[in-house]
Amino acid sequence: NAGVTQTPKFQVLKTGQSMTLQCAQDMNHEYMSWYRQDPGMGLRLIHYSVGAGITDQGEVPNGYNVSRSTTEDFPLRLLSAAPSQTSVYFCASSYSMQETQYFGPGTRLLVL
Amino acid sequence: GENVEQHPSTLSVQEGDSAVIKCTYSDSASNYFPWYKQELGKRPQLIIDIRSNVGEKKDQRIAVTLNKTAKHFSLHITETQPEDSAVYFCAASIRGNTPLVFGKGTRLSVIA
């Protein structure tokens, strides 16, 4: 099993550009989530999904969109990148919200 | 919603000593409390978790205690080793379909 994979590993964007961060898992997990990690701020939840076709907002959803068309994939879209979105982004998956979350390797995003 | 406070933000211990990290939560309905370890440049990984029907759980040198009355839980690492150096995150989840809320993390340094 590959576990949770994320692409790209690193990305530089200019303010106003859009992009999609990819996340995929091969463990047949129903629950998937996106976090951003900033120094001193811990892991903050952006969006999450409890199954295909179902998504919901987390703590910091503004500026991001998600969709869940399949159990395996959960892409995160930045609509119009801003310097405040410079961060490390982690995708995670688990059988349920109260089971072990498996994190992807992360995407480091720099917005200039 | 749930709020999780974590202390201290940084902790330095001598190799072989014990380390204790404490977290408090706000919602008495929370019933799942995991701890994640994140080594430098790596993804977070679950090291231990506890549910509200248990007061203490141990796994080799790691233990977690839960005090539901005071709404706090703690991570105890005994006989610390250099490889224990990492950032540790506590989290809490409210009974039902609510996502994990993470603390801001504790950077543990084990000095050889």
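In what follows, chains carry the letters A, B, and so on, assigned in the order in which the sequence lines appear, proteins first and then strands, with residues in each chain numbered from 1. Remember, it's a predicted structure, so these values are computed and weren't measured experimentally.
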| task | Let me know if A:Tyr102 has heavy atoms under 4.5 Å from chain B in its side chain, its backbone, both or neither. | result | neither
| query | Quick check, are the ring centers of B:Phe102 and B:Tyr36 under 6.0 angstrom apart? | reply | yes
| field | A:Glu99, part contacting chain B, at a heavy-atom distance under 4.5 Å | value | both
| said: Any donor-acceptor pair under 3.5 Å linking the side-chain atoms of A:Asp73 with those of A:Thr70? | reply: yes
| said: Need one label for A:Val88: side chain, backbone, both or neither, based on atoms under 4.5 Å from any heavy atom in chain B. | reply: neither
| field | Matching residue for A:Tyr89 among A:Tyr64, A:Tyr35, A:Trp34 - test: side chain to side chain donor-acceptor pair (under 3.5 Å) | value | A:Tyr64
| query | Can you say whether the rings of B:Phe73 and B:Trp35 are parallel (under 30°), tilted (30 to 60°) or perpendicular (over 60°)? | reply | perpendicular
| query | Can you find a heavy atom in the side chain of A:Leu13 that is under 4.5 Å from one in the side chain of A:Leu109? | reply | yes
| field | Side chain, backbone, both or neither of B:Gln6 within contact of chain A (heavy atoms, under 4.5 Å) | value | neither
| task | Under 4.5 Å, counting heavy-atom pairs only, tell me which of A:Pro105, A:Gly106, A:Gly40, A:Ala92 racks up the most with chain B. | result | A:Pro105
| Contacting moiety of B:Pro44, where chain A heavy atoms sit under 4.5 Å | both
| note | Cut-off 4.5 Å, heavy atoms of chain B, and the answer for A:Leu45 is side chain
| field | Per-residue contact mode, A:Gln37 against chain B (heavy atom under 4.5 angstrom) | value | side chain
| field | Contacting moiety of B:Arg107, where chain A heavy atoms sit under 4.5 Å | value | neither
| task | Quick one: list whatever passes side-chain contact (heavy atoms from CB on, under 4.5 Å) with B:Lys71, sequence neighbours left out. | result | B:Tyr25, B:Ser28
| field | Minimum side-chain heavy-atom gap A:Arg44-A:Arg36 below 4.5 Å | value | yes
